[in-house]
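This report refers to the structure that appears directly beneath it.
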Amino acid sequence: MVDTSVPNSVSLITGAASGIGRHLAIHASNLGHDVVLIDLDANGLNETKKLCSKAETFCIDVGNYEQMFEVKEALDKKNINVNYLFNNAGIFIEGRSWKTSPEMWNKIISTNLVGITNVLNVFLDQMLNADTKGHIVNTASMAGVIVGGFLAPYTATKHAVVGLSRSLYEELKETNATIGVSVLCPG
């Protein structure tokens, strides 16, 4: 998935404060990548940063386009170009479909789906224009391919992540881009 032959590789990882995101950051750092770590959890983000050799951190909401754009502007000022996107930020909400409040629906859609589109909108054109190998990994879940009760908000967003990833793969394949796409479905 990650081609270690790309010189000066930079991996951007959302949801980097813990769990899969933290482990992705450590792995990329161990491969010699500079890492850009994004999460709302400042304490967890700082802990992850300590485990990486060269890291930039941003405590932002991935669902906020303006904040994501500010990350890109900050990286541009330092001449940091991203090769790898790990869209890992996500939240889990349980509950009956009709009992979940509109606010919670909006929150989970914003984080689990809009966060990915924000990262793509901000960084993908630059990756394509760089004409170097790269890869995008969108974290879904087994809930993105199977259905169970009491997980409607989570399942709906993770199905959307799978669909978005498959569509993005087809779009990039048609452009003969050097950017690959994968969807990760843990669980």
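Bear in mind the structure is a predicted one, so any value in this text is a computation, not a measurement.
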- Assess whether side-chain contact (heavy atoms from CB on, under 4.5 Å) is satisfied between I13 and V36, documenting all intermediate values. CA-CA 6 Å; I13 302 148; V36 177; over 6 Å; no
- Item | H135 vs Y84, side-chain contact (heavy atoms from CB on, under 4.5 Å): CA-CA, chis, key distance, verdict | CA-CA 5 Å; H135 206 89; Y84 300 97; 3.7 Å; yes
- Starting from the C-alpha separation in whole Å, work towards a yes-or-no answer on side-chain contact (heavy atoms from CB on, under 4.5 Å) for L85 and F123. CA-CA 8 Å; L85 297 176; F123 289 99; 4.1 Å; yes
- Message: Would I20 and L184 count as a side-chain contact (heavy atoms from CB on, under 4.5 Å) here? Give the steps.
- Response: CA-CA 10 Å; I20 293 170; L184 177 64; 4.3 Å; yes
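Using modelled atom types, no side-chain atom of R22 and backbone atom of A16 make a donor-acceptor pair closer than 3.5 Å. Formation of a donor-acceptor pair under 3.5 Å by the S101 side chain with backbone atoms of M104 is found in this model. Distance alone, capped at 3.5 Å, is enough to place a donor-acceptor pair between the N112 side chain and the I91 backbone. T157 contributes a side-chain N or O that, together with a main-chain N or O of Y154, makes up a donor-acceptor pair within less than 3.5 Å. With hydrogens and angles disregarded, a donor-acceptor distance shorter than 3.5 Å links the side chain of H159 to the backbone of T155. Without hydrogens or angle criteria, S167 side chain to L164 main chain gives no donor-acceptor distance under 3.5 Å. Checked by atom type and distance alone, the side chain of N118 pairs as donor or acceptor with a backbone atom of V62 at under 3.5 Å. Of the possible polar contacts, none joining the R166 side chain to the V161 backbone as a donor-acceptor pair under 3.5 Å is found. Using modelled atom types, one side-chain atom of T178 and one backbone atom of T132 make a donor-acceptor pair closer than 3.5 Å. A donor-acceptor pair is defined here as one N or O able to donate and one able to accept, closer than 3.5 Å; such a pair exists between the side chain of Q67 and the backbone of D61.
Distance CG/L45 to SG/C59: 6.0 Å, rounded to 0.5 Å. Atom NZ of K72 sits about 12.0 Å away from atom CG of N121, to the nearest 0.5 Å. Expressed to the nearest 0.5 Å, how far OG1 of T139 lies from CZ of F86 amounts to 9.0 Å. Put simply, CG on L120 and CG on N87 are 5.5 Å apart, with the number rounded to the nearest 0.5 Å. Rounding to the nearest 0.5 Å places CD of E47 at 11.5 Å from SG of C52. In this structure, OG on S9 lies 11.0 Å from NZ on K133, to the nearest 0.5 angstrom.
Taking each heavy atom of Q126 and V82 in turn, the nearest pair found is OE1-N, 4.3 Å. Heavy atoms only, all atoms of each residue included: V162 and A140 are closest at CG2-CB, 3.8 Å. Annotation for G63 and V114: closest pair O-CG1, 4.0 Å, computed over non-hydrogen atoms. The two atoms that bring V35 and A25 nearest to each other are CG1-O, 3.9 Å, heavy atoms only. Nearest heavy atom pair, residue M127 against residue N83, reads CE-O, 3.0 Å. Residues T14 and N88 come closest through the heavy atom pair OG1-N, 2.8 Å.
Both V181 and V145 are members of a single hydrophobic cluster when ILVMFWY side chains are connected at heavy-atom separations under 4.5 Å. One hydrophobic cluster, built from ILVMFWY side chains closer than 4.5 Å, cannot hold both L24 and L12; they sit in different ones. The cluster map of Ile, Leu, Val, Met, Phe, Trp and Tyr, joined by side-chain heavy atoms under 4.5 Å apart, puts L37 and L40 in different clusters. F150 is not connected to V147 by any chain of hydrophobic side-chain contacts under 4.5 Å among Ile, Leu, Val, Met, Phe, Trp and Tyr, and they are in different clusters. V137 and M68 are assigned to two separate hydrophobic clusters, defined by single-linkage of ILVMFWY side chains at heavy-atom distances under 4.5 Å.
Under a cut-off of 6.0 angstrom, the local environment of NZ in K107 is sparse, with at most 12 non-hydrogen atoms contributed by other residues, nucleotides or ligands. Enclosure of atom OH in Y65 by more than 12 non-hydrogen atoms of other residues, nucleotides or ligands within 6.0 angstrom is indicated. Shown here is F92, whose CZ atom has more than 12 heavy atoms of other residues, nucleotides or ligands within 6.0 Å. Within 6.0 Å of atom CD in E174, 12 or fewer heavy atoms from other residues, nucleotides or ligands are found, so the atom counts as exposed in its surroundings.
Looking only at side-chain heavy atoms (C-beta outward), L172 and L128 come within less than 4.5 Å of each other. The closest side-chain heavy-atom distance from S29 to S53 is below 4.5 Å. Annotation: side chain of L75 is in contact with side chain of F58 (closest heavy-atom distance under 4.5 Å).
Ion pairing between a basic and an acidic side chain is recognised when a charged N comes within 4.0 Å of a carboxylate O; K49 and E56 show no such pairing.
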